[in-house]
Participant: 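Attaching a single structure in structure tokens format; questions to follow.
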Amino acid sequence: MNNEVRVRFAPSPTGYLHLGSLRTALFNYLFARHNNGKFILRIEDTDQSRKVEGAVENLINILNEMGLNYDEGPGVGGELGPYFQSERLEIYKKYCDELLANGHAYYAFETAEELDEMRKVQQMQGKQTMYDRRARVLTENEVKEKLASGIPHVIRLKVPLDTEIRFTDIIRGNVKIETNLVDDQVLLKSDGFPTYHLANVIDDHLMQITHIIRGEEWLTSVPKHIILYNAFGWEIPKMAHVPLILNPDKTKLSKRQGDVATEDYLKKGYLKEALLNFMTLLGWNPGEGEEKEIFTKAELIEKFSIERVNSAGAVFNVEKLNWMNGEYIKNYDIDSLTVLIIPYLNAGGIDTSDLIKTKRVIFAIRSYISKLDEAAEQAKLYYSDVTLTGEHIEIVKSETSIQVFDALAKKIEAITEITTDNFKPVLSEVQKETGVKGKNLFMPVRLALTGEEHGPELGMIAYVLGREEVLKRLRKLL
RNA sequence: GCUCCCAUCGACUAGGGGUUAGGUCAUCACUCUUUCACAGUGGAAACACGGGUUCGAAUCCCGUUGGGAGCGCCA
């Protein structure tokens with residue numbers, strides 16, 4: 001039981017689930033499931049100024065929708081809660097006092113303006129911008145006085161000087177940094193809320209997290225965390241900093257260059273299975289000569305290992321996602337796919353009350369679309385009336401075309417039902433009878449049935465339209 | 001600017017001292033379909049550079065260059 005793997009996804013509720021966060025959550029989830037461990041959701045809502053209404057609910061919804069269900073966290077409970085950091089303020093306060101008492105932290109009283117000024121000077125001198133630790137020299141009495149007079153204050157980490165911090169990251173190997181370059185990070189803000197660094201370390205320890213799997217952007221703050229673990233005398237969890245997801249120009253994936261919210265992709269008609277599959281393969285792969293690209297969730301869980309996560313960032317390539325999504329659509333269970341597509345057809349103004357027809361249409365269009373939101377456009381020709389323009393009218397009105405339509409209509413009247421493969425033989429017979437062949441035969445029929453020069457094969461179109469509709473469209477031109 | 005991280009086709013990646021450097025997306029050609037797609041076949045396409053170590057380096061080491069991230073009382 002004590003060796004149980006416990007990982008967490010610890011987002012701050014910004015109102016949507018960023019694709020980068022989705023992948024971090026995904027890796028945590030896969031790692032937990034692979035190891036029969038626990039996947040915990042913790043909400044990092046310590047920034048009062050960035051509160052967003054409904055953000056937490058939205059986050060939980062998306063996580064559930066994506067099938068990344070967690071074992072402990074908001075809504076499902078757990079022994080080591082609460083799982084909202086805003087409800088754990090007392091805990092942070094207590095541990096911060098401990099740090100103060102042991103000399104690992106100290107009070108500081110600078111204003112935001114003073115700190116800005118300090119950084120400006122450092123920048124000009126070509127130094128790393130960081131707190132100059134000036135409040136360290138305050139005497140006990142000076143501190144007492146300032147506290148008594150009610151000057152706003154923060155509590156900062158007292159970084160041990162002139163030494164270095166080394167740690168091993170599962171993905172990156174050994175990393176080291178001199179402590180003189182580590183900032184005396186603010187631990188407790190003047191509003192009494194903890195910063196990420198304090199809350200994160202305390203919660204990970206208290207929630208018995210064994211592996212911290214998070215984005216690469218946290219790598220440089222690991223030394224601060226290690227100093228904290230050491231100050232508390234706690235065991236340091238294993239760490240894995242996963243590479244970033246990049247824009248095509250290799251910068252960190254950002255809103256400015258396209259959609260970054262998971263819900264946007266869902267809305268556009270990417271299947272969650274495809275999205276999961278694709279995101280997992282961004283920065284990870286099963287290796288060992290595996291040449292498959294499509295994996296079920298169960299397969300991913302079985303094969304996933306954090307050691308095989310790449311160390312370099314990965315560009316988010318929508319084209320490959322499109323391809324993969326198309327693969328999923330082509331192979332999806334037709335009934336399930338129908339349920340998923342109907343809303344998109346309705347949104348495109350298509351009446352789906354005839355379920356039999358709807359299913360036929362979906363069967364016909366599934367290999368033509370890579371996203372669900374393309375469905376209505378592809379389905380249109382099976383619903384709307386045919387309107388011909390310009391030279392199409394001439395083609396349809398030509399003498400041979402009329403002969404073809406007439407012969408074809410008669411043949412169809414003689415059969416009871418059009419199937420996916422009895423339409424072509426009928427056309428062949430028409431060809432024999434009328435002597436019209438090639439483009440002169442097929443194009444008029446195509447135009448008569450769809451009004452378009454291009455489209456699916458005629459047999460499929462005729463099957464989906466059905467006998468009555470085909471006859472109707474032919475007769476209209478006679 | 002400073003610190004840290006990273007480096008195989010355009011993109012995602014496999015490989016990890018001796019390989020014709022493999023696969024997928026995209027791209028190109030051909031085939032199929034008398035349409036467009038789908039599908040199939042084939043092609044073009046990469047080890048950033050320079051030094052070492054070694055009989056041998058894309059692979060190990062160092063450096064250079066390039067890219068990224070971090071440097072908040074945000075997370």
Side-chain angles (χ1 to χ4, degrees), chain A residues 10-14 21 44-50 85 108 110-112 115-116 119 122-131 152-156 169 171-173 175-178 180-183 185-197 199-200 214-223 241 243-244 246 248-252 278 281-294 308 310-324 326-327 330 365-369 378 437-443 446-447 450 452-459:
Chain A
S12 59
T14 53
S21 302
E44 310 228 329
D45 55 350
T46 56
D47 187 355
Q48 290 307 94
S49 64
R50 292 218 288 184
Q85 289 191 327
E110 291 77 23
T111 63
L115 294 174
D116 279 347
R119 283 185 203 106
Q122 288 169 334
Q123 181 92 40
M124 267 160 43
Q125 293 172 336
K127 292 183 188 160
Q128 170 152 12
T129 54
M130 62 189 285
Y131 183 60
H153 66 274
V154 297
I155 295 170
R156 285 182 180 272
D169 184 275
I171 296 170
R172 274 145 225 291
V175 181
K176 70 169 182 191
I177 184 172
E178 294 173 50
N180 289 6
L181 267 3
V182 177
D183 204 358
Q185 182 66 47
V186 169
L187 301 176
L188 211 63
K189 302 180 239 180
S190 55
D191 64 2
F193 278 70
T195 59
Y196 170 86
H197 306 279
N200 197 261
R214 82 239 289 184
E216 190 188 337
E217 66 266 34
W218 294 109
L219 192 63
T220 43
S221 45
V222 170
H241 287 85
L244 299 173
L246 275 21
D249 70 356
K250 306 261 185 190
T251 54
K252 188 171 162 181
F278 179 75
L281 257 26
L282 219 48
W284 176 85
N285 76 87
E288 283 180 51
E290 179 66 81
E291 291 188 348
K292 233 165 66 147
E293 298 276 333
I294 309 286
R308 286 200 59 85
N310 266 289
S311 43
V315 172
F316 181 82
N317 181 204
V318 194
E319 288 193 328
K320 187 159 182 181
L321 207 212
N322 288 345
W323 163 78
M324 188 173 282
E327 290 296 302
K330 264 176 247 163
I365 65 171
R366 70 189 311 189
S367 59
Y368 283 82
I369 61 176
Q378 287 295 326
K437 55 186 172 180
K439 210 171 177 183
N440 290 337
L441 170 68
F442 289 89
M443 196 46 74
R446 177 172 293 283
L447 288 172
T450 69
E452 303 280 345
E453 279 184 51
H454 307 299
E457 59 173 299
L458 283 173

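Atom set for the values below is all heavy atoms of this structure, side chains included, hydrogens, waters and symmetry mates excluded. All chains are named by letter (A, B, ...) in the order of the sequence lines, taking the proteins before the strands, and each is independently numbered beginning at 1. Keep in mind that this is a model prediction, so the values were computed, not measured.
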Participant: Go ahead and name the base partner of B:A69; Watson-Crick or wobble counts if both distances stay under 3.5 Å, otherwise write none.
Facilitator: B:U3
Participant: Round to the nearest Å and state the distance from A:I171 atom CD1 to B:A69 atom P.
Facilitator: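 The distance from CD1 of A:I171 to P of B:A69 comes to 18 Å, rounded to the nearest Å.
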Participant: For B:A7, does OP1 or OP2 lie under 4.0 Å from any side-chain N or O of A:S311?
Facilitator: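 A:S311 to B:A7 OP1/OP2: side-chain N or O found under 4.0 Å.
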Participant: Of the listed nucleotides (B:G23, B:A14, B:A69), which one gets closest to any side-chain atom of A:E217?
Facilitator: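 Among the listed nucleotides, the one closest to the side chain of A:E217 is B:A69.
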Participant: Indicate, with a heavy-atom threshold strictly under 4.0 Å, whether A:P243 touches base, sugar-phosphate, or nothing.
Facilitator: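 No contact at all - A:P243 keeps every heavy atom at 4.0 Å or more from the nucleic acid.
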Participant: Check the pair A:R172, A:H241 against side-chain hydrogen bond (donor to acceptor under 3.5 Å, both in side chains), reporting the backbone distance first and the verdict last.
Facilitator: CA-CA 8 Å; A:R172 274 145 225 291; A:H241 287 85; 5.8 Å; no
Participant: Tell me which nucleotide among B:U35, B:C73, B:G22 gets nearest to the side chain of A:V186.
Facilitator: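 So the side chain of A:V186 is nearest to B:C73.
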Participant: Could you tell me the Watson-Crick or G-U partner of B:G63, where both distances fall under 3.5 Å? Say none if there is no partner.
Facilitator: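 For B:G63, the partner nucleotide comes out as B:C49, under the 3.5 Å rule.
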Participant: Just checking, is any N or O donor in the side chain of A:Y131 or A:Q185 under 3.5 Å from an acceptor N or O on the other one?
Facilitator: no
Participant: Counting only Watson-Crick pairs (N1-N3 plus N6-O4 or O6-N4) and G-U wobbles (N1-O2, O6-N3), all under 3.5 Å, who is the partner of B:U54?
Facilitator: none
Participant: Do the side-chain N or O atoms of A:R50 get closer than 4.0 angstrom to the phosphate oxygens (OP1, OP2) of B:A75?
Facilitator: no
Participant: On the nucleotide B:C12, are OP1 or OP2 found under 4.0 Å from the side-chain N or O atoms that A:N317 carries?
Facilitator: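 Looking at the OP1 and OP2 atoms of B:C12, neither is under 4.0 Å from any side-chain N or O of A:N317.
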Participant: Nearest to the side chain of A:S12, which nucleotide is it out of B:A75, B:U3, B:C73?
Facilitator: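 Side chain of A:S12 sits closest to B:A75.
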Participant: In whole Å, measure the gap between the P atoms of B:C4 and B:C9 for me.
Facilitator: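 Nearest-Å result for B:C4 against B:C9 at atom P: 26 Å.
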Participant: Judged by each residue's nearest nucleotide on RNA chain B, which is more toward the 5′ side, A:G173 or A:Q185?
Facilitator: A:G173
Participant: Any idea which of B:A26, B:C5, B:C12 is nearest the A:W323 side chain?
Facilitator: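 Closest nucleotide among those given: B:A26.
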Participant: Given the C1' atoms of B:C30 and B:G23, what is the spacing between them in whole Å?
Facilitator: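 Here B:C30 and B:G23 have their C1' atoms 22 Å from each other.
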Participant: Answer yes or no: side-chain N or O of A:S367 and base N or O of B:C38 forming a donor-acceptor pair under 3.5 Å.
Facilitator: no
Participant: In whole angstrom, what separates A:R446's CZ from B:U33's P?
Facilitator: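 It is 14 Å, rounded to the nearest whole Å.
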Participant: May I ask you to say what A:P286 touches in the nucleic acid, namely base, sugar-phosphate or nothing, with a heavy-atom cut-off under 4.0 Å?
Facilitator: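 Counting heavy atoms under 4.0 Å across all strands, no contact is made by A:P286.
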Participant: Would you kindly give the CG-to-P distance between A:N310 and B:A69, to the nearest whole Å?
Facilitator: 18 Å
Participant: Just call it for A:G215: base, sugar-phosphate, or nothing, with non-hydrogen atoms closer than 4.0 Å on any strand.
Facilitator: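 No contact at all - A:G215 keeps every heavy atom at 4.0 Å or more from the nucleic acid.
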Participant: How far does the C1' atom of B:G16 sit from the matching atom of B:C61, given to the nearest Å?
Facilitator: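 After rounding to an integer number of Å, I get 15 Å for this pair.
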Participant: Need one value for A:E110: base, sugar-phosphate or nothing, where a base atom within 4.0 Å counts as base even if backbone is also close, heavy atoms only.
Facilitator: base
Participant: Of all the nucleotides listed (B:C12, B:G23, B:U35), which has the minimum atom distance to the side chain of A:A314?
Facilitator: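 When the side chain of A:A314 is considered, B:C12 is the closest of B:C12, B:G23, B:U35.
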Participant: Using the P atom as the point on both nucleotides, what is the distance between B:C12 and B:A39, in whole Å?
Facilitator: 23 Å
Participant: Can you identify which nucleotide, out of B:G70, B:C12, B:U35, has its nearest atom closest to the A:Q128 side chain?
Facilitator: B:G70
Participant: Assign A:E453 to base, sugar-phosphate, or nothing according to its heavy-atom contacts below 4.0 angstrom with the strands shown.
Facilitator: base
Participant: Which is it for A:L246 and A:F316 under the side chain to side chain contact (heavy atoms under 4.5 Å, CB included) test, yes or no, and what are the steps along the way?
Facilitator: CA-CA 6 Å; A:L246 275 21; A:F316 181 82; over 6 Å; no
Participant: Between B:A7 and B:U64, how far is it from one C1' atom to the other, in whole Å?
Facilitator: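 The answer is 13 Å between these two C1' atoms.
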Participant: So, under a plain 3.5 Å distance rule, would you say the side chain of A:R172 forms a donor-acceptor pair with the base of B:C5?
Facilitator: no
Participant: Please state how far atom CG in A:D183 lies from atom P in B:C74, giving the value in whole angstrom units.
Facilitator: 13 Å
Participant: Measuring to OP1 and OP2 of B:C2, would you say a side-chain N or O of A:R119 lies under 4.0 angstrom away?
Facilitator: no
Participant: For side chain to side chain contact (heavy atoms under 4.5 Å, CB included), just list the numbers for A:R156 and A:L187, CA-CA rounded to whole Å, side-chain angles, deciding distance to a tenth of an Å, and then say yes or no.
Facilitator: CA-CA 5 Å; A:R156 285 182 180 272; A:L187 301 176; 5.9 Å; no
Participant: Would you please indicate if the ring centroids of A:F278 and A:W323 are separated by under 6.0 Å?
Facilitator: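 Centroid separation for A:F278 and A:W323: 6.0 Å or greater.
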Participant: Taking the minimum atom-to-atom distance to the side chain of A:T129, which one of B:G1, B:U35, B:C38 wins?
Facilitator: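 Output: B:G1.
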Participant: Does B:A37 have its OP1 or OP2 closer than 4.0 Å to a side-chain nitrogen or oxygen of A:R366?
Facilitator: no
Participant: Starting at the 5' end of RNA chain B, which residue's closest nucleotide do you reach first, A:E44 or A:F442?
Facilitator: A:F442
Participant: How is A:E319 classified with respect to the nucleic acid when contacts are heavy atoms under 4.0 Å: base, sugar-phosphate, or nothing?
Facilitator: sugar-phosphate
Participant: Determine the contact category for A:T46: base if any of its heavy atoms lies under 4.0 Å from a base atom, sugar-phosphate if only primed atoms, P, OP1 or OP2 are that close, otherwise nothing.
Facilitator: sugar-phosphate
Participant: Any donor-acceptor pair, under 3.5 Å, between the side chain of A:K439 and the base of B:U34, if you only look at N and O atoms?
Facilitator: no
Participant: Whole Å only: how far is the NZ atom of A:K252 from the P atom of B:C5?
Facilitator: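 Atom NZ in A:K252 sits about 18 Å away from atom P in B:C5.
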Participant: Hey, is the side chain of A:K330 poking within less than 4.0 Å of OP1 or OP2 on B:A39, counting only N and O atoms?
Facilitator: yes
Participant: Ignoring the backbone of A:T195, work out which of B:C36, B:A39, B:C74 is nearest its side chain.
Facilitator: B:C74
Participant: Is A:D45 reaching over with its side chain to a backbone N or O of A:Q85, donor-acceptor style, under 3.5 angstrom?
Facilitator: yes
Participant: Counting only heavy atoms not in A:K330 (residues, nucleotides, ligands), do more than 12 fall under 6.0 Å from its NZ?
Facilitator: yes
Participant: Just to confirm, is there a sub-4.0 Å distance from OP1 or OP2 of B:C71 to any side-chain nitrogen or oxygen of A:K127?
Facilitator: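 For A:K127, the contact criterion (side-chain N or O under 4.0 Å from OP1 or OP2 of B:C71) is not met.
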Participant: Within this structure, what is the CG-to-P distance between A:D191 and B:C73, rounded to whole angstrom?
Facilitator: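 These atoms are roughly 12 Å apart.
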Participant: Using the C1' atoms only, state how far B:C32 lies from B:C38, rounded to an integer number of Å.
Facilitator: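 It comes out at 11 Å once rounded to the nearest Å.
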Participant: Measure from NZ on A:K292 to C1' on B:C25 and round the result to the nearest Å.
Facilitator: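 Result: 18 Å.
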Participant: Atom CG of A:D249 and atom P of B:G10: how far apart are they, to the nearest Å?
Facilitator: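 A:D249 atom CG is separated from B:G10 atom P by 17 Å.
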Participant: Identify which nucleotide among B:A69, B:C74, B:A11 has an atom closest to any side-chain atom of A:K250, counting heavy atoms from C-beta outward.
Facilitator: B:A11
Participant: Is the closest side-chain heavy-atom distance between A:P286 and A:R308 below 4.5 Å?
Facilitator: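 Not in contact.
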Participant: Using the P atom in both, what is the distance from B:C71 to B:U53, to the nearest Å?
Facilitator: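 42 Å, rounded to whole Å.
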Participant: Does any nucleotide pair with B:A37 by Watson-Crick or G-U wobble geometry, both distances under 3.5 Å, and what is it?
Facilitator: none
Participant: Looking only at side-chain atoms of A:L244, point me to the closest of B:A69, B:C6, B:A14.
Facilitator: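 Between B:A69, B:C6, B:A14, the one nearest the side chain of A:L244 would be B:A69.
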Participant: Nearest 0.5 Å, what's the NE2-OG distance between A:H153 and A:S190?
Facilitator: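 It is 8.5 Å, given to the nearest 0.5 Å.
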Participant: Step by step, work out the side chain to side chain contact (heavy atoms under 4.5 Å, CB included) result for A:T14 and A:R50.
Facilitator: CA-CA 8 Å; A:T14 53; A:R50 292 218 288 184; 5.6 Å; no
Participant: Taking atom C1' in both B:G66 and B:A75, what distance in whole Å separates the two?
Facilitator: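 These two C1' atoms come out 30 Å apart once rounded.
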